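What follows is a short report on a single structure.
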Amino acid sequence: MMIFVFVLVMALSIAAAAAARFGIKNLDINHMLVAGRSMPAFLVFVLAVGEVYSIGSILAFPAGIYAKGLESAYWYMGYLLLAYPFAYFTAPLIWRAAKRHNALTVPEVFGRHFESRNLEIVMSIGALIAVATWGQFQFVGIQVALGELGLELSPAGLLGAAGCLAFVYVGLAGVKGSAFVAFIKDIAMMVGIVAVGVAAFWAIWGAPAEPMPISMPASHLSMTGPALTFAITTILFQGFGLYLQPSVSPFVFTGKSEAAVKSATVFMPLYLIMLPFGAIVALYALTAFPNAENANRIFLDIAHGLLPPWLVGFVIAGACLAGILVLSVNALSCSAIVTRNLLPSVPVTAQRRWTRITIAVFLIVAASLTLVVPKLMIGVLNFSNYIAIQFGAAWLAVFFGRRVSATSVGSGLVVGVVAAVVLYATEVDLGGANVGLVAFAANLAITFGLDWLMPSKTPCKPVALGNNASAA
């Protein structure tokens with residue numbers, strides 16, 4: 001019954017992707033990547049929510065609390081709460097920049113705004129690195145979720161099946177197909193996490209017998225020193241940069257207007273209601289199973305223990321869809337970057353075919369990274385953000401910079417990414433400060449410091465000044 005329900009939900013998701021194709025006579029590259037910039041606010045909302053509340057909300061959040069306690073809950077919920085006020089103001093500016101420059105990819109925005117082909121190439125390489133690590137995060141979770149089905153398949157086989165589904169979603173109707181799948185994913189994810197959370201709550205406090213005594217390691221109950229510093233700096237860094245990442249900002253391009261994009265951000269905090277249920281699951285796990293070997297599996301292990309098989313199948317389907325949906329859109333973004341920005345000589349008539357080929361290559365690479373470098377999901381999430389949010393400095397230059405040069409922007413990104421990777425790999429003691437924030441400070445210093453030393457000879461019109469603002 002568990003596998004039957006799982007297959008049924010997946011079949012519904014494929015049907016939803018196919019339904020998205022209705023009304024599209026010619027699936028050209030514009031429709032594949034940004035849905036012709038025609039999505040109303042509710043579709044932008046569903047698509048963007050699908051990216052933000054991905055498999056991390058189901059698996060990584062409880063896993064982080066189980067492994068590290070209060071620290072993970074504090075910064076995870078904190079940065080999401082801070083992200084939406086920032087997004088309310090920055091997301092419309094992202095849309096305006098893409099519309100002004102008729103850009104279908106993030107690197108095109110920067111290349112055309114600063115009139116630099118070299119900068120477009122640098123931003124393309126940076127975006128591919130950032131999105132690949134985000135793709136690995138999804139695959140780590142998908143591997144865990146599919147493993148709970150008990151199928152006699154190797155890890156490579158499981159990830160291959162997930163990659164094929166991601167390919168189908170965008171192959172049928174491009175980014176619009178993923179938006180339609182997001183409806184199925186949201187229902188399955190919400191029902192799944194609430195069901196397990198309620199079951200865990202009942203197991204602790206609702207049974208007729210005496211309530212289960214709560215047991216947590218002392219290290220999980222408080223935050224002091226470096227842990228507190230990490231939590232605060234992570235909230236600031238990731239809250240500011242959530243929508244400025246190359247894995248998230250392309251969703252903004254699909255809106256039909258600035259107003260639609262702004263409206264979509266207003267209701268996104270409502271999805272935070274699912275996180276307390278994940279925290280209850282982690283609390284129950286710490287009490288009932290304090291020595292679990294794999295924290296990434298703890299949510300689904302609890303589901304197996306407390307729910308009937310058919311509902312477990314629904315939970316696993318929700319977790320898988322949450323990851324596969326994000327993979328599908330990120331694969332589409334990466335393929336567009338390769339075919340339009342790194343290989344612009346590809347004829348327009350052939351871009352759709354090469355886009356699909358590159359989607360397959362991206363999915364293979366991201367899955368391979370997962371098999372070679374498996375990690376605690378919450379750690380992969382942090383590393384992905386360390387790199388991706390370095391694009392924030394470049395976006396600030398587009399929004400507000402008047403004489404920032406392409407050299408400054410490109411140099412800042414390179415310094416930020418390299419600093420983030422080096423600091424992460426060498427585990428330098430920063431007193432608990434978020435590695436990405438420290439690297440971002442260096443990025444900002446280069447981007448706007450070189451602007452002061454070597455200002456651009458040709459002023460750019462800041463996007464924040466509006467479409468009719470003067471560039472003088």
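Small disclaimer: the values here were computed from a predicted structure and weren't measured.
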Review point. Under 3.5 Å, is there a donor-acceptor pair linking the side chains of Y79 and N385?
Key: no
Check your understanding: Out of curiosity, H101 NE2 to F114 CZ, how far, rounded to the nearest 0.5 Å?
Key -> 8.5 Å
Review point. Name the one of N296, L300, I193 that satisfies side chain to side chain contact (heavy atoms under 4.5 Å, CB included) with L59?
Key: L300
**Study point:** From CD1 (I65) to CG (L70), nearest 0.5 Å
**Key:** 8.5 Å
Review point. Considering all heavy atoms of both residues, which atom of R117 and which atom of N341 are nearest to each other, and what is their separation?
Key: NH1-O, 2.6 Å
Review point. Above 12 or not: heavy atoms from other molecules or residues under 6.0 Å from CD1 of I273?
Key: no
Check your understanding: Backbone N or O of T234 within a donor-acceptor pair of the Q238 side chain at under 3.5 Å?
Key -> no
Point to revise | Heavy-atom closest contact (A420 atom, A439 atom, distance) | key: N-CB, 3.6 Å
Exercise for review: Using atom types as modelled and distance alone, determine if a side-chain donor or acceptor of E115 lies under 3.5 Å from a backbone N or O of G111.
Suggested key: no
Review point. What's the spacing between T265 OG1 and F89 CZ if we round to 0.5 Å?
Key: 9.0 Å
Check your understanding: Who are the ring pair (Phe, Tyr, Trp, His ring centres under 6.0 Å) partners of W95, not counting sequence neighbours?
Key -> none
Point to revise | Side-chain donor or acceptor of T233 paired with backbone N/O of N434 under 3.5 Å | key: yes
Practice item. Could you tell me which non-hydrogen atom of Y243 sits nearest to which non-hydrogen atom of S249, and how far apart they are? Key: O-CB, 3.5 Å
Check your understanding: Taking only residues two or more places apart in sequence or in another chain, which ones pass side-chain contact (heavy atoms from CB on, under 4.5 Å) with S405?
Key -> T407, S408, S456
Exercise for review: Heavy atoms only: give me the nearest G192-V315 pair and the separation to one decimal.
Suggested key: CA-CG2, 3.7 Å
Review point. Which pair of non-hydrogen atoms, one from A97 and one from V109, has the smallest distance, and what is that distance?
Key: CB-CG1, 3.9 Å
Revision key, fill the gap. Output for pair (L325 CG, M189 CE), nearest 0.5 Å, gives 9.5 Å
**Study point:** Distance, nearest 0.5 Å, that separates NZ of K262 from OG of S257
**Key:** 10.5 Å
Revision key, fill the gap. When every non-hydrogen atom of M190 is compared with those of M274, the smallest separation belongs to CE-CE, 3.7 Å
Exercise for review: Examine distances only and state if a side-chain atom of R402 and a backbone atom of P462 form a donor-acceptor pair shorter than 3.5 Å.
Suggested key: no
Review point. Is it true that atom CZ of F448 has more than 12 heavy atoms of other residues, nucleotides or ligands lying nearer than 6.0 Å?
Key: yes
